[in-house]
K.L.:
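Below you'll find the structure I mean.
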Amino acid sequence: MIDQGKHNVLGVQVSAVDYDSAVDQVMSAAREGRSLAVTALAVHGVMTGVQDKAHGARLNAFDLVTPDGQPVRWALNVLHGARLADRVYGPELTLRVLDASADEGLPVYMYGSTQETLDKLAEKLPQRFPGLKIAGMEPSKFRPAQPGEPEQIAARIKESGARVVMVGLGCPRQEVFVYGMRHLVDAPMLAVGAAFDYHAGGLKNPPPWMQKYALEWLWRLGLEPRRLWRRYILLNPNYLARLTAQKVRLWRAAPPPPATEPLKTFAV
């Protein structure tokens, strides 16, 4: 189990952890009924924090930020000597937390995506994890929250008996949602990215060799070129340039202090 704490990657504090440590932290919070804000960041997620300082401060308020992408893992190794052998990929972390939740009988709540995707998850996940208890599922409204709505969502989660909450709204909406809701929900909340779509069968995982050599972006770009071309073609070179500048100390990459202010509104 590896947990070397958080380290500065382009101003975003990323946790140098492995799967075992990440799952252990989530499950400890679930057993204790304790709030825990978790996300898994690839290059796009890190760069959202670089380009938007307010969002970077929100990310730095998270309790656990795993290196979802291989380039983020490489950054931890190159900049901080973390020697991580593998990333902590959001969809895989999702499966491991679901497996642990099923083993311990801790109910899970899923928030986000569409009703169609959630219906497929409701069918597939119990087949994969026979002991899994799904406390509730709620699709995204794809709009800003109305006054009092975050509290209503939190009340539904609490009434469901959920001990783990998974949020699939896409980056960066899901991180903003978790940050905005964390003080209302006494349970670990995981921003899991495209995990809902992958595990419902809506997206296909790239071959293992592409994941190993950080080519997942190319796979995703081939599947959704119109939506993702700006993310990968523009952000990836920017990330590498900034990483080099931080490594050779041409850029200090000072992390913004963790945000503490509650959000007045955010997407639900």
Side-chain angles (χ1 to χ4, degrees), residues 1 17 19-40 62-66 88-141 145 148-170 173-202 266-268:
M1 190 178 297
V17 295
Y19 283 113
D20 288 344
S21 176
V23 172
D24 180 70
Q25 291 184 51
V26 171
M27 298 312 297
S28 293
R31 294 184 206 103
E32 297 167 12
R34 171 168 49 86
S35 173
L36 189 80
V38 181
T39 188
F62 272 59
D63 301 289
L64 180 63
V65 178
T66 73
V88 179
Y89 180 45
E92 176 63 22
L93 178 61
T94 298
L95 293 179
R96 296 189 186 210
V97 170
L98 289 173
D99 190 26
S101 299
D103 284 345
E104 297 192 30
L106 298 179
V108 177
Y109 198 97
M110 296 188 173
Y111 186 95
S113 193
T114 64
Q115 188 62 56
E116 180 183 6
T117 297
L118 294 179
D119 289 344
K120 291 178 181 178
L121 282 174
E123 177 184 354
K124 291 176 179 290
L125 291 180
Q127 296 174 1
R128 187 163 188 171
F129 306 107
L132 182 64
K133 298 178 180 178
I134 299 178
M137 289 182 159
E138 187 170 343
S140 172
K141 283 73 177 171
E149 194 166 18
E151 290 78 7
Q152 293 168 11
I153 294 170
R156 289 195 291 271
I157 292 172
K158 181 177 181 179
E159 290 167 4
S160 75
R163 303 294 289 277
V164 176
V165 182
M166 294 186 169
V167 180
L169 294 173
R173 288 175 61 227
Q174 60 190 7
E175 284 81 17
V176 177
F177 180 92
V178 170
Y179 175 84
M181 294 287 296
R182 61 176 300 180
H183 69 289
L184 299 172
V185 178
D186 293 328
M189 301 185 72
L190 287 73
V192 298
F196 288 3
D197 292 319
Y198 278 125
H199 301 319
F266 49 90
V268 296

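Just so it is clear, the model here is predicted, and its values are computed rather than measured. In what follows, residues are counted from 1 in the order of the sequence shown.
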K.L.:
Considering only heavy atoms from C-beta outward, does the side chain of Phe129 approach that of Leu95 to under 4.5 Å?
P.N.:
yes
K.L.:
Taking CD in Glu151 as the centre, count heavy atoms belonging to other residues, nucleotides or ligands within less than 6.0 Å. Is the count above 12?
P.N.:
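Yes, enclosed.
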K.L.:
Checking Ser140 now: which residues fulfil side-chain hydrogen bond (donor to acceptor under 3.5 Å, both in side chains) with it, not counting sequence neighbours?
P.N.:
Arg173
K.L.:
Do any N or O atoms from the side chain of Arg96 and from the backbone of Val23 form a donor-acceptor pair under 3.5 angstrom?
P.N.:
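Answer holds: no.
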K.L.:
Between CE of Met166 and CE of Met137, what distance do you get to the nearest 0.5 Å?
P.N.:
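Met166 atom CE to Met137 atom CE measures 10.5 Å (nearest 0.5 Å).
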K.L.:
Would you call Arg182 and Asp63 a salt bridge, taking side-chain N to carboxylate O under 4.0 Å as the test?
P.N.:
yes
K.L.:
Kindly indicate whether the side chain of Arg31, heavy atoms from C-beta on, has any atom under 4.5 Å from the side chain of Leu106.
P.N.:
yes
K.L.:
Tell me the closest heavy-atom pair linking Ala267 and Phe177, and the distance in Å.
P.N.:
O-CD1, 3.6 Å
K.L.:
Do Met27 and Ser101 have side chains that get closer than 4.5 Å, going by heavy atoms?
P.N.:
yes
K.L.:
Please report the closest heavy-atom contact between Ala162 and Val108, naming both atoms and the distance.
P.N.:
CB-C, 4.4 Å
K.L.:
Tell me whether Tyr111 contacts the main-chain N or O of Val268 through its side chain, where contact means a donor paired with an acceptor under 3.5 Å.
P.N.:
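Yes, because the side chain of Tyr111 sits within donor-acceptor range (under 3.5 Å) of the backbone of Val268.
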K.L.:
Check for a donor-acceptor pair, side chain of Ser21 on one end and backbone N or O of Val17 on the other, with a separation under 3.5 Å.
P.N.:
no
K.L.:
Please identify which of these residues, Val164, Val165, Thr94, Val178, meets the side-chain contact (heavy atoms from CB on, under 4.5 Å) condition with Leu190.
P.N.:
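Passing option: Val164.
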K.L.:
Using a 3.5 Å distance criterion without hydrogens, assess whether the side chain of Thr66 forms a donor-acceptor pair with backbone atoms of Val88.
P.N.:
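Here the side-chain-to-backbone pair exists.
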K.L.:
Does Tyr89 offer a backbone N or O that forms a donor-acceptor pair with the side chain of Tyr19 under 3.5 Å?
P.N.:
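Between the backbone of Tyr89 and the side chain of Tyr19 there is a qualifying donor-acceptor contact (under 3.5 Å).
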K.L.:
Tell me every residue that passes salt bridge (charged side-chain N to carboxylate O under 4.0 Å, His left out) with Glu149, counting only those two or more places apart in sequence or in another chain.
P.N.:
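Result, salt bridge (charged side-chain N to carboxylate O under 4.0 Å, His left out) vs Glu149: Arg143.
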K.L.:
Checking Gln115 now: which residues fulfil side-chain hydrogen bond (donor to acceptor under 3.5 Å, both in side chains) with it, not counting sequence neighbours?
P.N.:
Asp119
K.L.:
Looking just at side-chain N and O atoms, do Ser28 and Glu32 make a donor-acceptor pair shorter than 3.5 Å?
P.N.:
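Absent: no donor and acceptor within the cut-off.
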K.L.:
What heavy-atom pair brings Thr117 and Phe196 nearest, and what distance separates the two atoms?
P.N.:
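What the structure gives for the nearest pair is CG2-O, 3.7 Å.
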K.L.:
Looking at Leu121 and Met110, what are the two nearest heavy atoms and their distance?
P.N.:
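The answer is CD1-SD, 4.1 Å.
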K.L.:
Give the minimum heavy-atom separation between Glu175 and Phe62, together with the two atoms involved.
P.N.:
O-CZ, 3.4 Å
K.L.:
Quick check against the 3.5 Å criterion: does His199 have a side-chain atom that pairs as donor or acceptor with the backbone of Pro91?
P.N.:
yes
K.L.:
Decide if atom NZ of Lys141 counts as having more than 12 heavy atoms of other residues, nucleotides or ligands within a radius under 6.0 Å.
P.N.:
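Yes, NZ of Lys141 has more than 12 neighbouring heavy atoms, counting only those of other groups under 6.0 Å.
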K.L.:
Taking all non-hydrogen atoms of both residues into account, name the closest pair between Pro188 and Val26 and its distance.
P.N.:
CG-O, 3.6 Å
